[in-house]
Every structure is written in C-alpha cells, then in structure tokens.
Chemist: 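I am attaching a structure below and will ask some questions about it afterwards.
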Amino acid sequence: MVSIIIINYNTFQLTCNCIESIVQYTKDINYEIILVDNNSTECDADLFIQKFPLIKLIKSNSNGGFAKGNNLGIEHANGEFIVLLNSDTYLIEDAISKTANYFIESKFDGILSCKLIYPNGKNQAFARRFKSIRLEILDLFRFVLYFNSYKKRSQIMLGKYFKGDYDTPCDWVGGAFFMFPKFILNNLPNKKLDERFFMYGEDQLWCWQFLQLGYSSFFYAQTKIVHIHKGSSSKQKLGILQKKALQIELELYKIRNWGGSKFHFLVFKFLYSTKEKCRILLHSFLN
C-alpha cells in the first residue's frame, strides 16, 4: 500500500483537483490519501470529507509548516511507501503505481521523484545537485559546459541543464513528489522528518540526511505529474520567499560542510548570493 500525504493550507480547490486526479488515475496499487489541514482559514476543512468520504482528514490546530504537517500525516500512515504530494499537483497518468512498482521491481530503498511538468508541458528542474563552489563557477561560466555532450553536461549539473529525459541518480529531489519506503524513517532522529525549516529547503535537507544513512536519491523519468508550482503562494509573498530561499540555501551549505573552512563558505556565499540577487532583480524588472 502507498500512503499519499497532502498538506492543505488555504488551497481548497487546488487540493480537490489533486485528490480527484489521484482517484481518477491510480488503478494498479492500493493506496490511502491522508490530508493534513494546517489550520486553514479559507473554509471548513470538513468540506473535504463531504467531497471525498474515503480520505483520512487530519486537522492540525496550528500551521506548523510543510515538514511538521507531513510528519503529522505520516503518524497516521499505514502504507509500505510514503508519497509526499504537493496540493498544487495533479496526475495525468498512473504515476503513483508506476513509481511504487519501480521500488518493488528494482528493490530501490532510497528517495524517488518522477518527472514534474508545468501545465503547459514544460519540464521542471527537480533533480538536483547539492550546491558547491565548483558548480557555481561552472554555472557562471556555463559556455564551458557546452563543449561537452548534453548527457555529460546534464550529469555534471542536473537542475536546469537536465531535460528530465532519462532515469538518473541525483543528490536530491524536490518535495512536490517525494516518495520513499516508510521503514527508512526508523533511522532518523525521533524517527521522523527534520522540521527545522518551516517551508522550502526541507526536501534538500531530508535527502542529505538520508544520504548520510546510505539512502540515495533517484529521478525516475518514466512517468510524470503536473506541478503548477507556487500554487499555494500569493504573488505578494514570492519576493519574500525568494529572499528566504537564498538564506536557507546558505544554511544548507553550512549543514553539508559542517566543520569546513570559513573561507570556503564565504566564497560560496559571495558567488551564490551575488548570482541570486542579480537573478531576483532581473526577474522583478522584467515583471
């Protein structure tokens, strides 16, 4: 069985669309849907039960963020596999069964995500490398990368350099579709996902922590889902979230390089912060 956990916070219609797509397309494996409402104010969470009587509805008395909400859902999960699924996603094929069957047939026991696309069909960069000084320099002088074949270039960088057109190991996968065998949680402190980040950065942190325990991440290109992306974030919040994401990325670098040289961190901070601030400024100017 697969336990599909969805967090809702004031995204009633998006969440309904997500659940409807699961029911429509998931045919070849047993599953349960666990919906955690993070103390939404948009409407009464019981409306979900009226619309979908078979789901498990968990009503949190506070908005504890993405990680805490998922841990609350996992506490009620009966499945062998866990799928953390964003409320702003929807299925267009039986992606749940296909990914679960990959686990079973390959005996893979790490973290898996599938191909994510925008509603217009464009690929999203959710198979990533952990950031490093080397990769930041290569990204700045990206013309050097294009002396290599696409396969070699995409393997070095992944992310935006990767079209999502083949299966590949990676450093981390995005949390919009985040699948793993439930038993590996037993190896984590308190046997649950790290909750130190309220929103954004958790997926990368979890993949790093699982990797330290011997559980790698994998991108499975043989199925796909639609991810609206930032569907639960208002336009007014995006600028704040972009700045917060920059701070989180620096924190994650410190976590991964604990005990490393302060000089190396400062070099990375200069490279990454300058690049991201320029990108944010350009994006705000063009929009």
Side-chain angles (χ1 to χ4, degrees), residues 1-9 11 15 31-40 45 55-87 89 96 99-100 103-104 107-113 126 128 130-131 169-218 232 241 244-245 247-260:
M1 178 186 278
V2 177
S3 296
I4 305 165
I5 300 174
I6 304 168
I7 308 300
N8 175 70
Y9 181 69
T11 56
T15 302
Y31 68 92
E32 62 179 356
I33 299 173
I34 302 171
L35 177 62
V36 179
D37 184 78
N38 264 352
N39 200 30
S40 296
I55 69 171
K56 291 183 182 179
L57 175 64
I58 312 299
K59 293 191 282 188
S60 176
N61 57 14
S62 65
N63 181 10
F66 184 71
K68 190 171 183 178
N70 277 302
N71 278 328
L72 185 58
I74 290 169
E75 288 177 13
H76 296 82
N78 295 316
E80 177 185 359
F81 299 105
I82 302 291
V83 176
L84 310 183
L85 187 64
N86 271 23
S87 63
T89 63
I96 305 292
T99 49
F103 270 103
I104 295 166
K107 298 183 180 179
F108 178 64
D109 61 358
I111 315 303
L112 181 144
S113 189
F126 273 91
R128 302 289 186 92
F130 293 129
K131 292 189 181 299
C170 54
D171 290 342
W172 65 280
V173 294
F177 185 101
F178 195 90
M179 189 173 190
F180 57 92
K182 186 180 180 184
F183 80 87
I184 68 176
L185 290 171
N186 294 329
N187 298 296
L188 292 175
N190 302 314
K191 299 184 179 181
K192 65 179 184 178
L193 298 169
D194 195 311
E195 298 178 358
R196 76 181 73 181
F197 295 138
F198 180 83
M199 189 174 183
Y200 300 116
E202 310 95 326
D203 41 16
Q204 187 178 165
L205 175 63
W206 298 337
C207 287
W208 169 255
Q209 291 172 330
F210 279 125
L211 183 60
Q212 304 315 295
L213 297 170
Y215 301 107
S216 60
S217 298
F218 190 80
S232 59
L241 292 174
K244 182 64 177 176
Q247 295 172 358
I248 289 173
E249 197 65 59
L250 295 176
E251 288 184 49
L252 287 165
Y253 184 88
K254 285 183 177 179
I255 291 169
R256 294 195 308 272
N257 296 277
W258 182 255

Chemist: Please name the pair of heavy atoms, one in N63 and one in N39, separated by the smallest distance, quoted to 0.1 Å.
Modeler: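 Looking at all heavy atoms of both residues, the closest pair is N-CB, 4.0 Å.
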
Chemist: How long is the straight-line distance from CG of L85 back to CZ of F178, given to the nearest 0.5 Å?
Modeler: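 Spacing of CZ (F178) from CG (L85) equals 13.0 Å.
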
Chemist: For side-chain contact (heavy atoms from CB on, under 4.5 Å), just list the numbers for N186 and K191, CA-CA rounded to whole Å, side-chain angles, deciding distance to a tenth of an Å, and then say yes or no.
Modeler: CA-CA 5 Å; N186 294 329; K191 299 184 179 181; 3.9 Å; yes

Chemist: Check for a donor-acceptor pair, side chain of D194 on one end and backbone N or O of R196 on the other, with a separation under 3.5 Å.
Modeler: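 Here the side-chain-to-backbone pair exists.
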
Chemist: I'd like to check I82 versus I74 (side-chain heavy atoms, cut-off strictly below 4.5 Å). Are they in contact?
Modeler: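 Yes, their side chains come closer than 4.5 Å.
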
Chemist: Please report the interatomic distance CD1(I255) to CD(Q204), rounded to the nearest 0.5 Å.
Modeler: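 These two atoms lie 9.0 Å from each other.
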
Chemist: Quick one: does any side-chain atom of S217 pair with a main-chain N or O of I111 as donor and acceptor, under 3.5 Å?
Modeler: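 It does not hold such a pair.
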
Chemist: Does N38 reach the main-chain N or O of Y9 with its side chain, forming a donor-acceptor pair under 3.5 Å?
Modeler: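 No: the side chain of N38 does not pair with the backbone of Y9.
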
Chemist: Looking at CG of L112 and OG of S216, how far apart are the two atoms once the value is rounded to the nearest 0.5 Å?
Modeler: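 Here the interatomic distance stands at 10.0 Å.
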
Chemist: Just so I know, are the side chains of K192 and E75 near enough to count as touching, which here means a heavy-atom distance under 4.5 Å?
Modeler: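 With C-beta onward as the side chain, the pair stays apart.
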
Chemist: When you compare the side chain of N70 with that of V36, does any pair of heavy atoms fall below 4.5 Å?
Modeler: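 V36 does not reach N70 side chain to side chain.
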
Chemist: Walk me through whether D203 and F66 qualify under side-chain contact (heavy atoms from CB on, under 4.5 Å).
Modeler: CA-CA 10 Å; D203 41 16; F66 184 71; over 6 Å; no

Chemist: N78: which residues meet the side chain to side chain donor-acceptor pair (under 3.5 Å) condition with it, sequence neighbours left out?
Modeler: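 If we apply the side chain to side chain donor-acceptor pair (under 3.5 Å) test to N78, skipping adjacent residues, there are no hits.
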
Chemist: Using the side-chain contact (heavy atoms from CB on, under 4.5 Å) rule, take F197 and I248 through it: C-alpha gap first, then chi angles, then the decisive distance, then the call.
Modeler: CA-CA 8 Å; F197 295 138; I248 289 173; 4.1 Å; yes

Chemist: Which pair of heavy atoms, one from V173 and one from F218, lies closest together, and at what distance?
Modeler: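 Distance-wise, the nearest heavy atoms are CG1-O, 3.8 Å.
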
Chemist: Can you give me the closest heavy-atom contact between Y215 and G110, atom names plus distance?
Modeler: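 Minimum heavy-atom separation between Y215 and G110: CB-CA, 4.1 Å.
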
Chemist: Got F130 and R256 here, is their nearest side-chain heavy-atom distance under 4.5 Å?
Modeler: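 Counting from C-beta outward, F130 and R256 do come under 4.5 Å.
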
Chemist: Just so I know, are the side chains of F177 and T99 near enough to count as touching, which here means a heavy-atom distance under 4.5 Å?
Modeler: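 Contact flag for F177/T99 side chains = yes.
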
Chemist: Return the orientation label for the F103 and F81 ring planes: parallel under 30°, perpendicular over 60°, tilted otherwise.
Modeler: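 Because their plane-to-plane angle lies in the 30° to 60° range, the rings of F103 and F81 count as tilted.
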
Chemist: Might you point out which heavy atoms bring A100 and V2 nearest each other, and give the distance in Å?
Modeler: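 Scanning both residues, the minimum pair turns out to be CB-CG2, 3.9 Å.
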
Chemist: Which heavy atom of D37 sits nearest to which heavy atom of A45, and what is that distance?
Modeler: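 Closest approach of D37 to A45, heavy atoms only: CG-CB, 3.8 Å.
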
Chemist: Evaluate side-chain contact (heavy atoms from CB on, under 4.5 Å) for L252 paired with W172, printing each intermediate quantity in order.
Modeler: CA-CA 12 Å; L252 287 165; W172 65 280; over 6 Å; no

Chemist: Check for a donor-acceptor pair, side chain of K56 on one end and backbone N or O of H76 on the other, with a separation under 3.5 Å.
Modeler: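 Judged by distance alone, yes, a pair lies under 3.5 Å.
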
Chemist: What about the rings of W206 and F180, do their centers lie closer together than 6.0 Å?
Modeler: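 No, they do not, as the ring centres are separated by 6.0 Å or more.
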
Chemist: Given side chains that start at C-beta, do those of N187 and F210 come closer than 4.5 Å, heavy atoms only?
Modeler: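 Sidechains of F210 and N187: no contact.
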
Chemist: For the backbone of L193 and the side chain of N71, can you confirm whether one donor and one acceptor N or O come within less than 3.5 Å of each other?
Modeler: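 Side chain of N71 to backbone of L193: a pair is present.
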
Chemist: So for atom NZ, which belongs to K68, do other residues, nucleotides or ligands contribute more than 12 heavy atoms lying within a distance under 6.0 Å?
Modeler: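 It does not: K68 NZ has 12 such atoms or fewer within range.
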
Chemist: Between the side chain of E249 and the main-chain N/O of Q247, is any donor-acceptor distance below 3.5 Å?
Modeler: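 Looks like no, no N/O pair under 3.5 Å.
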
Chemist: Under 3.5 Å, is there a donor-acceptor pair between the side chain of K182 and the main chain of S3?
Modeler: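 No; zero donor-acceptor contacts below 3.5 Å.
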
Chemist: At their closest point, which heavy atom of N86 faces which heavy atom of G175, and how far apart are they?
Modeler: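 Shortest heavy-atom separation between N86 and G175 comes out as OD1-O, 3.5 Å.
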
